[in-house]
Engineer: 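I'd like to ask some things about the structure below.
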Amino acid sequence: MNLRHLGAAPSTRLRTTDSLGFRGSVLNTAPHIIWERPREPALAGAHMTKHIFVTGGVASSLGKGLTASSLGNLLKARGLRVTMQKLDPYLNVDPGTMNPFQHGEVFVTDDGAETDLDIGHYERFLDRELTSSANVTTGQVYSAVIAKERRGEYLGDTVQVIPHITNEIKARVRRMASSEVDVVITEVGGTVGDIESLPFLESVRQIRHEVGRDNTFVVHVSLLPYIGPSGELKTKPTQHSVAALRNIGLQPDAIVLRADRPVPTSIKRKVGLMCDVDDEAVVAAVDAPSIYDIPKVLHAEGLDAYVVRRLGLPFRDVDWTEWDELLRRVHKPAHEVTVALVGKYIDLPDAYLSVSEALRAGGFANDARVNIRWVTSDECATSDDAARQLSGVDAVCVPGGFGVRGIEGKLGALRYAREHKIPTLGLCLGLQCMVIEYARSVVGLVDANSMEFDDSTPYPVIATMADQRDVVAGERDMGGTMRLGLYPAKLAENSIVREIYGEPYVEERHRHRFEVNNEYRERLEQAGLRMSGTSPDGRLVEFVELPRDAHPYYVATQAHPEFRSRPTRAHPLFAGLVAAAIERKPEQVELPEVAAAGVPESAPAAG
């Protein structure tokens, strides 16, 4: 065949379409031949990791993170090895120092990275542990580039956004690829059109050019608003959003339309025509009753089938066995309990996203629906207030946090739960509050407190960790300097936590600066509060509890076990809490199935 006759450069290779029916840029003179750009020599014939990029348009908080996570879940269920990454356009190096009201939860990985809450979605839907490389911020990128410039690594070049910033971004994205990974799904934070996102989108364009269009796929998530007075779903915002994306040099391969009602086929066809996307690649993602319904929603729309066909990936049919049983427990559980989540940041539920999902997963493990009663800790400061807020709940969870605001309310809630024998789980600050309340109410140290809240307290039952004192004193940077990441703990024999975990040693993720003061451990234990888990050397308290003969379930950990919970594999501490709540609750009648709602049980991940 004469390549020059076809108008192709001599170096351009051609291949035939595959058996999956992939439709590429077909040459008019040869309908079964498609273009394939030459691969880099080092990659020729080698395993090629595919890259899927998820962008968002029109508005934030559409659920890009959940869409990306659900697609990852589907590809994994098809037998592919999937990992995920989030590109965040803010200038913070990480979200560790951000106000939870602004950013929501800070999710901590095994290796101690403080990351975006979407990383939690990725881990839960993929059921795999991610690392610090899963979250890239503008702050990290610029810090790395400026550090290289200071070291003279650019050899006198004028350092610019292109190519230096984009090269750093590309390196971090392509570093996720390996012979052990079939697909990397990268979510680009923010909304198309934001100034902050431009370097990331330009990097995506360059990656697509470098690794080849056959090896990349762009999913654009866009809002399809319904205009009440006219009774119409409007496509114009999506058209403008895609136009903005194409103006940057990116053509989406698929469009996910977020809507609050079913999307007619005619609307999908119009979006496909106006945005130059195959009709079968225009997918409707209508509000679902549970976030765990989303994989089935996308599968029913054919998104995963289109992706594997378009990328030429090997695959098998989706195995729904485990997920179907999960959905059965989500929608038709045998039991129902109400758990009070007593926190400082209740006005933004995303601040406790992993905690709320871990509580629900604890319910799934017990075939129970967990209804969360969001309780502002400030409203539990007195015994009467605590009784009013916690009346009728089956269990209490006191999560982590920082600062003195709301602490007296957490103490009030814990005292009420302890005295009324309501199953209770404390997390991080929740453990510290449990110790403070017990020291005040039972040990008799009325002015007991934490050094975090009162550095002049006569009874500092919670003190600064030795390696954190210079940070608290302002002599060292605050960001990224806490006790972060996975640490081991030894569990005491015949303890509740040892029984629940079923192991003598466990590992949990941490994020804190303060610890139980060893000078008060003996007095607390003599009064009945058992230190049921410590660091292997015995220096740090990791778990506390009351014996079962004193309380059915009064347990706390210095760690954040919520980060290791999965919907199909609940964390033992949360499963134990819900089990205790069910046992305490009177006999229940059969529950009705959850009705579809306009808003998912957990707010879509911000994006």
Side-chain angles (χ1 to χ4, degrees), residues 342-344 377-387 390 396-422 424-466 468-469 472-473 483 489 492 495-497 512-535 538-551 553-559:
V342 184
K344 300 169 58 172
S377 58
D378 284 327
E379 298 178 359
C380 294
T382 68
S383 57
D384 289 342
D385 288 342
L390 303 180
V396 174
C397 180
V398 180
F402 296 91
V404 69
R405 185 185 63 79
I407 293 302
E408 293 302 320
K410 290 196 174 198
L411 300 180
L414 286 167
R415 179 169 184 172
Y416 180 88
R418 179 178 58 80
E419 292 179 343
H420 290 78
K421 293 183 168 50
I422 303 174
T424 303
L425 177 62
L427 310 172
C428 195
L429 179 62
L431 175 142
Q432 297 174 9
C433 288
M434 197 175 276
V435 169
I436 294 170
E437 188 279 323
Y438 203 82
R440 289 182 183 182
S441 304
V442 180
V443 182
L445 306 178
V446 179
D447 294 322
N449 215 328
S450 167
M451 294 285 288
E452 180 182 5
F453 314 134
D454 182 5
D455 57 11
S456 62
T457 175
Y459 307 115
V461 292
I462 305 297
T464 312
M465 299 180 69
Q468 296 290 318
R469 288 171 187 159
V472 174
R483 187 180 184 224
S495 63
I496 294 175
V497 291
H512 63 104
R513 298 189 193 278
F514 296 83
E515 63 176 328
V516 175
N517 190 338
N518 288 332
E519 294 179 10
Y520 294 89
R521 278 170 63 172
E522 185 176 352
R523 295 179 67 177
L524 288 163
E525 291 211 84
Q526 287 177 348
L529 186 64
R530 188 177 187 189
M531 309 294 151
S532 54
T534 65
S535 55
R539 290 180 56 249
L540 302 176
V541 173
E542 296 283 5
F543 295 87
V544 303
E545 63 182 53
L546 288 178
R548 285 201 191 277
D549 57 4
H551 196 287
Y553 195 90
Y554 197 73
V555 175
T557 174
Q558 183 60 74

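Residue numbers run from 1 in the order of the sequence given. All figures in this text were calculated on a predicted structure; none of them were measured in a lab.
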Engineer: Which atoms form the tightest heavy-atom contact between Gly426 and Met434, and what is the distance?
Structural biologist: N-CE, 4.2 Å
Engineer: Do Leu546 and Leu529 pass the side-chain contact (heavy atoms from CB on, under 4.5 Å) test, and can you show the C-alpha distance, the side-chain angles, and the key distance before you say yes or no?
Structural biologist: CA-CA 5 Å; Leu546 288 178; Leu529 186 64; 4.0 Å; yes
Engineer: So do the side chains of Tyr438 and Val544 get within less than 4.5 Å of each other, counting heavy atoms only?
Structural biologist: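 Contact flag for Tyr438/Val544 side chains = no.
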Engineer: Checking Thr457 side chain against Ser450 main chain: does a donor-acceptor pair fall under 3.5 Å?
Structural biologist: no
Engineer: Any donor-acceptor pair under 3.5 Å linking the side chain of His512 with the backbone of Gly400?
Structural biologist: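 Not confirmed, His512 side chain does not pair with Gly400 backbone.
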Engineer: Please report the interatomic distance CG(Leu429) to CD1(Ile407), rounded to the nearest 0.5 Å.
Structural biologist: 4.5 Å
Engineer: Hey, does the side chain of Thr557 reach the backbone of Leu431 with a donor-acceptor pair shorter than 3.5 angstrom?
Structural biologist: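 Not a single qualifying donor-acceptor pair exists.
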Engineer: Judged by atom type as modelled, is there a donor-acceptor pair below 3.5 Å linking the side chain of Ser495 to the main-chain atoms of Ala492?
Structural biologist: yes
Engineer: Working to the nearest 0.5 angstrom, can you tell me the gap between Lys344 NZ and Arg405 CZ?
Structural biologist: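 Answer rounded to 0.5 Å: 5.5 Å.
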Engineer: Measure across Glu515 and Thr464 and return the closest heavy-atom pair with its distance rounded to 0.1 Å.
Structural biologist: OE2-O, 4.2 Å
Engineer: Take Leu390 and His420 through the test side-chain contact (heavy atoms from CB on, under 4.5 Å) and record every step on the way to the result.
Structural biologist: CA-CA 10 Å; Leu390 303 180; His420 290 78; over 6 Å; no
Engineer: To the nearest 0.5 Å, what is the distance between OG1 on Thr534 and CZ on Arg521?
Structural biologist: 6.0 Å
Engineer: From Gln558 CD over to Ile462 CD1, what is the distance, rounded to the nearest 0.5 angstrom?
Structural biologist: 7.0 Å
Engineer: Work out which heavy atom in Ala527 is nearest to a heavy atom in Val443; give both atom names and the distance.
Structural biologist: CB-CG2, 3.7 Å
Engineer: Do Glu545 and Ser532 have a side chain donor and acceptor closer than 3.5 Å?
Structural biologist: yes
Engineer: Considering all heavy atoms of both residues, which atom of Glu452 and which atom of Gln432 are nearest to each other, and what is their separation?
Structural biologist: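 The pair with the smallest heavy-atom distance is OE1-OE1, 4.3 Å.
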Engineer: Decide if atom CD of Gln526 counts as having more than 12 heavy atoms of other residues, nucleotides or ligands within a radius under 6.0 Å.
Structural biologist: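 Yes, because the 6.0 Å sphere around CD of Gln526 holds more than 12 heavy atoms from other groups.
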Engineer: Just how far is it from atom CD of Glu408 to atom CG of Asp385, taken to the nearest 0.5 Å?
Structural biologist: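 If we round to the nearest 0.5 Å, Glu408:CD and Asp385:CG are 12.5 Å apart.
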Engineer: Apply the test side-chain contact (heavy atoms from CB on, under 4.5 Å) to residues Leu445 and Arg523: give CA-CA distance (whole Å), side-chain angles for both, the deciding distance (0.1 Å), then the verdict.
Structural biologist: CA-CA 10 Å; Leu445 306 178; Arg523 295 179 67 177; 3.3 Å; yes
Engineer: Is there a donor-acceptor contact under 3.5 Å from the side chain of Thr424 to the main chain of Ile422?
Structural biologist: yes
Engineer: Could you grab the distance from atom CZ of Arg530 to atom CD of Glu525, nearest 0.5 Å is fine?
Structural biologist: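 Rounded to the nearest 0.5 Å, the CZ-CD separation comes to 7.5 Å.
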Engineer: Work out which heavy atom in Tyr520 is nearest to a heavy atom in Pro458; give both atom names and the distance.
Structural biologist: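 The pair with the smallest heavy-atom distance is OH-O, 3.5 Å.
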Engineer: May I ask you to decide if Ala463's main-chain N or O and Asn517's side chain share a donor-acceptor pair within less than 3.5 Å?
Structural biologist: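 No; zero donor-acceptor contacts below 3.5 Å.
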Engineer: What donor-acceptor contacts under 3.5 angstrom involve side-chain atoms of residues 409-416, with partners at least two apart or in another chain?
Structural biologist:
{"from": "Lys410", "atom 1": "NZ", "to": "Pro399", "atom 2": "O", "distance (Å)": "2.8"}
{"from": "Arg415", "atom 1": "NE", "to": "Glu419", "atom 2": "OE2", "distance (Å)": "2.9"}

Engineer: Tell me the closest heavy-atom pair linking Ala417 and Val396, and the distance in Å.
Structural biologist: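 Heavy atoms only, the tightest pair is CB-CG2, 4.2 Å.
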Engineer: For Ser441, which residues count as a side chain to side chain donor-acceptor pair (under 3.5 Å) partner, sequence neighbours excluded?
Structural biologist: Glu437
